[in-house]
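The structure under discussion appears below in the form of structure tokens.
Scope of the values below: all heavy atoms of this structure, side chains included, with no hydrogens, waters or symmetry mates. First listed ligand is number 1; within each ligand, the first listed atom is number 1.
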Amino acid sequence: MLTKSDAALLSAHWQTARFRLALDRVQVMAIINVTPDSFSGGGERVDTATALQRCEAALQEGAHILDIGGESTRPGATPVPLDEEMLRVLPVLRAAVTLGVPVSVDTSQPTLMQAALDLGVDIINDVRALRHPMALQRCAAHPLAGVCLMHMPGEPGTMQSLAHYDNVTQTVRAFLAEQAARVRAAGVAAERIVLDPGFGFGKQLPHNLQLMHELRQLLGLGHPLLVGLSRKGMLGTLTGGKPPQQRAVASAVAALAACQRGAQIVRVHDVAATVDALAVGHALM
Ligand code: HH2
């Protein structure tokens with residue numbers, strides 16, 4: 001549970017392109033993967049109509065934000081060529097921005113960021129924290145778009161070999177502080193920026209657990225925290241080897257635990273289970 005002094009560090013709003021999101025209630029960000037190779041999915045190719053049905057279902061279940069991505073970043077994933085990522089994602093974004101809710105694009109590619117912002121997308125969610133050349137400039141040139149900056153050492157192909165830390169929380173905190181300062185210095189207002197410790201990205205189970213236990217230490221950075229624990233490998237391990245599609249309960253519990261430590265946005269596959277867990281957790285605690 002948050003102490004009073006921790007609670008004082010929570011943010012009131014997240015400014016995004018079309019919506020100023022009030023963070024007095026946790027924002028549930030639904031994951032819409034338009035990838036044939038996501039760790040959490042069935043390995044099938046997802047067409048635009050199917051992706052849109054998933055968006056509508058997620059909203060019915062209570063999602064507040066749609067996060068649409070065309071590149072798998074699971075450990076060992078190979079990069080997707082830019083034109084393929086654009087082909088997968090842009091038609092879905094074009095339709096999603098008509099649904100009346102904030103839309104996020106999960107990408108590190110500046111060209112796709114620009115195309116998405118031109119379509120009216122609200123948030124750039126970049127697991128590489130806008131470190132590709134021109135990514136920061138594209139976001140800074142927009143007056144309002146929200147950005148999510150995540151901690152990941154190296155690239156998805158190599159990150160698990162970089163999972164060595166003296167103190168993972170201190171390393172992640174220092175990284176996020178530096179990236180947020182860099183993004184603010186480029187002209188992105190503080191209220192547009194959220195930070196994400198990057199659970200599972202270049203981290204082993206003990207690192208993920210330590211980060212979760214010490215999540216409050218990231219509150220003092222002055223930005224809202226977004227966490228993505230949904231269906232991740234650590235939950236497979238903790239549930240005795242359950243496959244990704246059977247990790248909904250574990251994911252909802254993990255989301256609630258993160259929110260009790262100050263996370264204000266949760267990125268999830270299982271929206272209905274998460275919404276229930278947060279509602280009950282909020283009422284009981
Ligand atoms: N995790 C994944 C992808 N994008 N973005 C943020 N901000 N935080 C995360 O933890 C995060 C993320 C990986 O999960 P998923 O999209 O389900 O899998 P894949 O990358 O295999 O498509």
For this session: Consider only side-chain N and O atoms of Asp118 and Gln114, and report whether a donor and an acceptor are under 3.5 Å apart.
Result: yes
Problem set entry | For atom 9 (C) of ligand 1, closest protein heavy-atom neighbour | Lys232 NZ, 3.5 Å
For this session: Measure across Ala51 and Val34 and return the closest heavy-atom pair with its distance rounded to 0.1 Å.
Result: CB-CG2, 4.3 Å
For this session: Please check if the side chain of Asp270 supplies one atom and the backbone of Ala273 the other of a donor-acceptor pair under 3.5 Å.
Result: no
Seminar exercise, completed: Looking only at protein heavy atoms, what sits closest to atom 2 (C) of ligand 1 is Arg267 NH1, 3.4 Å
Problem set entry | Enumerated ligand 1 atoms positioned under 4.0 Å from heavy atoms of Val127 | 4 (N), 5 (N), 12 (C)
Problem set entry | Heavy atom of Gly198, distance to ligand 1 below 4.0 Å | no
For this session: Using a 4.0 Å heavy-atom threshold (strictly under), name the region of Cys148 that reaches ligand 1: side chain, backbone, both or neither.
Result: side chain
Exercise. Quick one: does Val194's side chain get under 4.5 Å of Leu225's, heavy atoms only?
Worked result: no
Problem set entry | Arg20 and Gln15 side chains, donor-acceptor separation under 3.5 Å | yes
Problem set entry | Nearest-neighbour protein heavy atom for atom 4 (N) of ligand 1, which is reported as residue plus atom name and distance | Asp106 OD2, 2.9 Å
Problem set entry | Pair Gln179, Arg182: side-chain N/O donor-acceptor within cut-off below 3.5 Å | yes
Exercise. Is a side-chain donor-acceptor pair under 3.5 Å present for Glu71 with Thr35?
Worked result: no
Seminar exercise, completed: When distances are taken from atom 5 (N) of ligand 1, the protein heavy atom at minimum range is Asn125 ND2, 3.2 Å
Problem set entry | Under 4.0 Å to a heavy atom of Phe201 - the qualifying atoms of ligand 1, by number | 1 (N), 2 (C), 9 (C), 10 (O), 11 (C), 13 (C)
Problem set entry | Minimum-distance protein heavy atom relative to atom 15 (P) of ligand 1 | Phe39 CE2, 3.6 Å
For this session: Taking only heavy atoms of Arg74 into account, list the atoms of ligand 1 that are under 4.0 Å away from them.
Result: 20 (O), 21 (O)
Exercise. Met150 heavy atoms, cut-off 4.0 Å: which ligand 1 atoms fall inside?
Worked result: 6 (C), 8 (N), 9 (C)
Problem set entry | Crowding at NE2, His282 (>12 non-hydrogen neighbours, <6.0 Å) | no
Seminar exercise, completed: Quick note on ligand 1: atoms under 4.0 Å from a heavy atom of Thr73 include exactly 2 (C), 3 (C), 13 (C), 19 (P), 20 (O), 21 (O)
For this session: Heavy-atom contacts with Gly228 under 4.0 Å: which atoms of ligand 1 show up? List them by number with element.
Result: 10 (O)
Seminar exercise, completed: Counting heavy atoms under 4.0 Å, the part of Val227 that contacts ligand 1 is neither
Problem set entry | Heavy atom of the protein closest to atom 17 (O) of ligand 1 (residue, atom name, distance) | His269 NE2, 2.8 Å
For this session: Give the residue, atom name and distance (to 0.1 Å) of the protein heavy atom nearest atom 22 (O) of ligand 1.
Result: Ser38 OG, 2.5 Å
For this session: State, to 0.1 Å, how close Leu130 and Cys139 come at their nearest heavy-atom pair, and which atoms those are.
Result: CD2-SG, 3.8 Å
Problem set entry | For Lys203, the option from Gln210, Gln160, His151 that meets side-chain hydrogen bond (donor to acceptor under 3.5 Å, both in side chains) | His151
Exercise. Which protein non-hydrogen atom lies closest to atom 8 (N) of ligand 1, naming both residue and atom, and how far is it?
Worked result: Asp196 OD2, 2.6 Å
Exercise. Going through the distances and angles, do Arg267 and Asp106 end up as a salt bridge (Lys or Arg N to Asp or Glu O under 4.0 Å)?
Worked result: CA-CA 11 Å; Arg267 182 180 179 277; Asp106 186 351; 3.0 Å; yes
